[in-house]
Amino acid sequence: MAIFGVGADHNHPLDESEKLQKLGYYKVALGRGRKKNESVRYVLFDICRILTDLKEYEQLDACMHEIIADLENEREIDIPFLEDDWLKRVPKEEMDEDLRRTYQALVVADKARRRAASEESVPTRKQLDKFL
């Protein structure tokens, strides 16, 4: 539901109320993912995109901190790399620069981890620290 919306017309960009509705669906998906211990980061990445679209930068900071904290968890089912595409759309003055630097360093470390690995796995902080 979060990805496709309910009865959404996909021929036009979402308006703010539709984005808020989608955010609500993603929050439900996040709760379910945590219970099953799977796809948590996948959902968090999409929440970051929606929060960026809504210009909800304080909530975005919190979500990115949540992603960083979640790296302590080993997950078998989740996205096998860190995403950061939303950061390109966040004005520098709207985000804590230390958070931006830390997160981008983890993304670079994840790329290095994947280049060095023979198989893809869901990254953990312990794996990433080797490449920082």
Side-chain angles (χ1 to χ4, degrees):
M1 284 179 21
I3 294 170
F4 299 110
V6 176
D9 178 2
H10 296 286
N11 295 324
H12 69 83
L14 299 178
D15 64 28
E16 188 167 336
S17 68
E18 291 170 319
K19 288 176 187 175
L20 288 169
Q21 183 181 30
K22 193 171 186 173
L23 181 60
Y25 293 144
Y26 271 114
K27 288 182 179 180
V28 170
L30 182 58
R32 290 180 180 168
R34 282 192 182 118
K35 284 181 186 174
K36 291 184 153 209
N37 195 29
E38 61 185 44
S39 301
V40 171
R41 292 177 213 158
Y42 175 86
V43 174
L44 287 169
F45 297 149
D46 280 345
I47 288 173
C48 285
R49 289 182 189 98
I50 293 171
L51 292 171
T52 299
D53 288 347
L54 291 169
K55 296 182 169 99
E56 292 289 343
Y57 301 122
E58 283 185 34
Q59 289 182 58
L60 176 64
D61 280 12
C63 193
M64 289 175 62
H65 280 291
E66 195 169 347
I67 292 167
I68 292 169
D70 190 71
L71 292 172
E72 300 298 332
N73 300 310
E74 288 189 33
R75 298 193 191 284
E76 189 174 324
I77 300 174
D78 214 322
I79 203 157
F81 52 87
L82 294 180
E83 296 183 349
D84 69 339
D85 53 277
W86 62 85
L87 280 177
K88 297 172 189 133
R89 297 181 288 133
V90 178
K92 295 252 186 231
E93 67 275 3
E94 296 293 344
M95 175 173 274
D96 174 35
E97 196 53 36
D98 287 337
L99 173 60
R100 185 187 295 266
R101 256 192 310 274
T102 298
Y103 194 85
Q104 286 177 324
L106 290 168
V107 170
V108 169
D110 183 46
K111 288 177 183 171
R113 174 193 70 91
R114 285 184 282 129
R115 278 193 302 271
S118 59
E119 63 183 65
E120 293 240 335
S121 63
V122 179
T124 63
R125 186 64 189 251
K126 191 175 184 179
Q127 291 170 325
L128 296 176
D129 282 345
K130 296 175 191 173
F131 296 95
L132 285 176

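With a 4.5 Å cut-off on side-chain heavy atoms, R113 and S121 count as touching. The shortest distance between side-chain heavy atoms of I67 and C48 falls below 4.5 Å. Here the side chains of L128 and F131 are not in contact, with every heavy-atom distance at 4.5 Å or above. For the pair E56 and I50, the minimum side-chain heavy-atom distance is 4.5 Å or more. Proximity of R100 to K92: side-chain heavy atoms (C-beta onward) are separated by under 4.5 Å at one or more points. Taking the side chain as every heavy atom from C-beta outward, L132 and R125 approach each other to under 4.5 Å. For the pair L87/M64, a side-chain contact is recorded, criterion being any heavy-atom separation below 4.5 Å from C-beta on.
Atom CZ in R32 sits 15.5 Å away from atom NZ in K27 (nearest 0.5 Å). In this structure, CG in L71 is found 14.0 Å from NZ in K126, a value given to the nearest 0.5 Å. Note: F45 CZ to L82 CG = 5.0 Å, rounded to the nearest 0.5 Å. Atom CD of Q59 and atom CG of L23 lie 6.5 Å apart (nearest 0.5 Å). Atom NE2 in H65 sits 12.0 Å away from atom OH in Y103 (nearest 0.5 Å). Note that the CG atom of N73 and the CZ atom of R41 stand 7.0 Å from one another [nearest 0.5 Å].
R75 has a carboxylate O that lies under 4.0 Å from a charged side-chain N of D70, or vice versa, which qualifies the two as a salt bridge. Taking the charged nitrogens against the carboxylate oxygens, K19 and E16 have no contact shorter than 4.0 Å, which rules out a salt bridge. Remark: R49 does not engage D53 in a salt bridge, criterion side-chain N to carboxylate O under 4.0 Å.
For Q127 (side chain) and T124 (main-chain N/O), a donor-acceptor pair under 3.5 Å exists by modelled atom type. Formation of a donor-acceptor pair under 3.5 Å by the E72 side chain with backbone atoms of A69 is not found in this model. Counting only distance, with no hydrogens or angles, the side chain of D78 and the backbone of V122 share no donor-acceptor pair below 3.5 Å. The closest donor-acceptor contact from the side chain of D61 to the backbone of M95 lies at 3.5 Å or more, if one exists at all.
Taking hydrophobic clusters as Ile, Leu, Val, Met, Phe, Trp and Tyr residues chained together by side-chain heavy-atom distances below 4.5 Å, L20 shares a cluster with I47.
Across L51 and C63, no two heavy atoms sit closer than the pair CD1-CB, 4.1 Å.
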